[in-house]
Every structure is written in C-alpha cells, then in structure tokens.
Amino acid sequence: MKDTGKHQGLRNQLVSTLQQKGITDKIVLEAISKIPRHLFLDSSFEDYAYQDKAFPIGAGQTISQPYTVAFQSQLLEVKKEHKILEIGTGSGYQTAVLCTMGAKVYSVERQNELFKKTAALFPKLAIRPKHLSFGDGYKGLPSYAPFDGIIVTAGAPIIPKPLMAQLKIGGRLVIPLGEDIQIMTVLIRKNETQFEKHEFGEFRFVPLLEDKN
C-alpha cells in the first residue's frame, strides 16, 4: 500500500481546488492533505483518486466527492475529542478525515461487504475509529449516545427521529435531505425539544436505506 511523493503532490492540488471552491476550515484541509484517498478506491481508479469526483466502491455505493466530504466535515465544526456518529461508513474515507481531525468516531454501515472491507483497511492505514458497527443507520447507536455531532453520508427523505434523540444539546446533525436531489441540512439541538435548522444548497447522494424488519 504505497503512498508516494507524487500522491502527496496530487493531494496538495486537491486541497487548492477545495479552497477555491470555498472550503476554509484549516483542520479539514489539513486532514485531506494527509489521507491517501487512492487507498480507499479500487486500484483501477488510482490515477483519478485526487480529482474532485465521486467513484463507485461496490454494493451500489460511492466514495463521496472530496468537496462533499470537506463541506460536510466543515459544517460539523469538529473539535478535538468530539464524539461523532457517522451514518454510512462506506469506503471509510470520511471516517478517516474525521479521525485525522481528532474526533472520536462511531460509524455504522449497513452493507456487510463494505463493512468487512473497510474494517480490514483501517488498521493498515493506522486509522482508529472508536467503534465500527454493522447495522441500520436509521437507528443510530443509542448505547454510545449522546454525540457532539452526527454526520449522515447518504440522502434521507426525512430526519430519522432516533438520530435527533442521540444528539447532545448544542450538537450538530449534518444530513442531506431529499429524494432525487438533496438539500444539505444542519440541525443544531437547542434544548430537549427544540432544534434550529439551516440549509446549504443542493447535493446528490445515494439513498439512506432503512431495515424494514
């Protein structure tokens, strides 16, 4: 698993692209400059790994465009040691960004094929999430709640109630809402019953699937 000077040069170019697109959070940009995105992709995509594009990763899922990863990470306002719940581990790239930013990451993936693949990859890259779980993201991880932040990496038609319940007061939930096109939405928990909602433009995500059992 090689990470070369050439890869680092391509990462630096990617960081410049993200800055031009409006990403300002230095901790996010620093994390992206460090993480070998090519190792999270099928080797056939290696030459394109540092383009600002999404790619298929199997099981009908994608690795998000770097801009989307950076934008969601910036909206989360992660501080060191924050407990973050990630819904949709996928390739593990977003997880790696959050871990590199200093967050304690608890991640849920419902596709078993991806869960196994990503769980095997993290130790090789010295990425250490606090907890990886195979299960239904709609339910969150109540036994580890409350969380300082929750990030959903798939498009949801509604905000799952269990996720709202698992957010700390003052915490932020970043979720793409909508069916075909999603609106990036941030919910900030004000108290036990009140949430403040902010919207940040249109994105396209694969759908967040719910276990119907």
So, does [X] use its side chain to make a donor-acceptor pair with the main chain of [Y] at under 3.5 Å?
| X | Y | result |
| --- | --- | --- |
| D42 | F45 | no |
| R189 | L167 | yes |
| Q72 | I151 | no |
| T153 | I87 | yes |
| K83 | Y144 | yes |
| E109 | T89 | yes |
| S143 | L141 | no |

Near [X] [atom1], under 6.0 Å, is it more than 12 heavy atoms from other residues, nucleotides or ligands?
| X | atom1 | value |
| --- | --- | --- |
| K197 | NZ | no |
| N112 | CG | yes |
| I27 | CD1 | no |
| F134 | CZ | yes |

Look at D148 together with K104 and state whether they make a salt bridge at an N to O cut-off of under 4.0 Å.
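Salt bridge between D148 and K104, a charged N being under 4.0 Å from a carboxylate O: no.
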Pair D3 + K34: basic N to acidic O under 4.0 Å
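Looking at K34 together with D3, the answer is no, because their closest N to O distance does not fall below 4.0 Å.
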Below 4.5 Å, heavy atoms only, C-beta onward: do [X] and [Y] meet side chain to side chain?
| X | Y | answer |
| --- | --- | --- |
| Q65 | V69 | no |
| T100 | I35 | yes |
| R37 | Y93 | yes |
| Q166 | P146 | no |
| L163 | V152 | yes |
| L10 | L14 | no |
| Y50 | P66 | no |
| Q182 | E202 | no |

Using the rule given for side chain to side chain contact (heavy atoms under 4.5 Å, CB included), can you reason through T24 versus Q74, listing the C-alpha separation, both sets of side-chain angles and the distance that settles it, and then say yes or no?
CA-CA 8 Å; T24 54; Q74 182 166 283; 3.6 Å; yes
Nearest non-hydrogen partners of [X] and [Y], listed with the distance:
| X | Y | value |
| --- | --- | --- |
| G170 | I188 | O-CG2, 4.3 Å |
| Y138 | P157 | OH-CD, 3.4 Å |
| G149 | L76 | CA-CD2, 4.0 Å |
| V108 | G140 | CG2-O, 4.5 Å |
| T68 | F205 | CG2-CZ, 3.3 Å |
| N191 | T193 | OD1-N, 2.9 Å |

Test log, rule side chain to side chain contact (heavy atoms under 4.5 Å, CB included), inputs Q94 and S73
CA-CA 8 Å; Q94 174 74 75; S73 302; 2.8 Å; yes
Gap separating the [atom1] atom of [X] from the [atom2] atom of [Y], nearest 0.5 angstrom:
| X | Y | atom1 | atom2 | answer |
| --- | --- | --- | --- | --- |
| K2 | E46 | NZ | CD | 10.0 Å |
| L132 | T118 | CG | OG1 | 8.0 Å |
| I32 | D25 | CD1 | CG | 9.5 Å |
| I150 | L85 | CD1 | CG | 5.0 Å |
| F55 | S91 | CZ | OG | 12.0 Å |
| I84 | M101 | CD1 | CE | 8.0 Å |

As a quick check of understanding, evaluate side chain to side chain contact (heavy atoms under 4.5 Å, CB included) for H38 and R11, giving each step before the final call.
CA-CA 10 Å; H38 61 284; R11 280 202 289 282; 4.3 Å; yes
Short side-chain donor-acceptor distance under 3.5 Å, E86 and T95
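Yes.
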Under 30°, 30 to 60°, or over 60°: which ring-plane class applies to H198 and F200, parallel, tilted or perpendicular?
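It falls in the tilted class, 30° to 60°.
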Going hydrophobic residue to hydrophobic residue with side-chain gaps under 4.5 angstrom, can you get from Y48 over to I63?
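Y48 and I63: one cluster.
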Is the NZ or CZ atom of K130 positioned over Y106's six-membered ring, under 6.0 angstrom from the centre and within 45° of the axis?
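So K130 doesn't make the cation-pi contact.
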Candidate pair L173 and V186, rule side chain to side chain contact (heavy atoms under 4.5 Å, CB included), full reasoning:
CA-CA 6 Å; L173 167 61; V186 175; over 6 Å; no
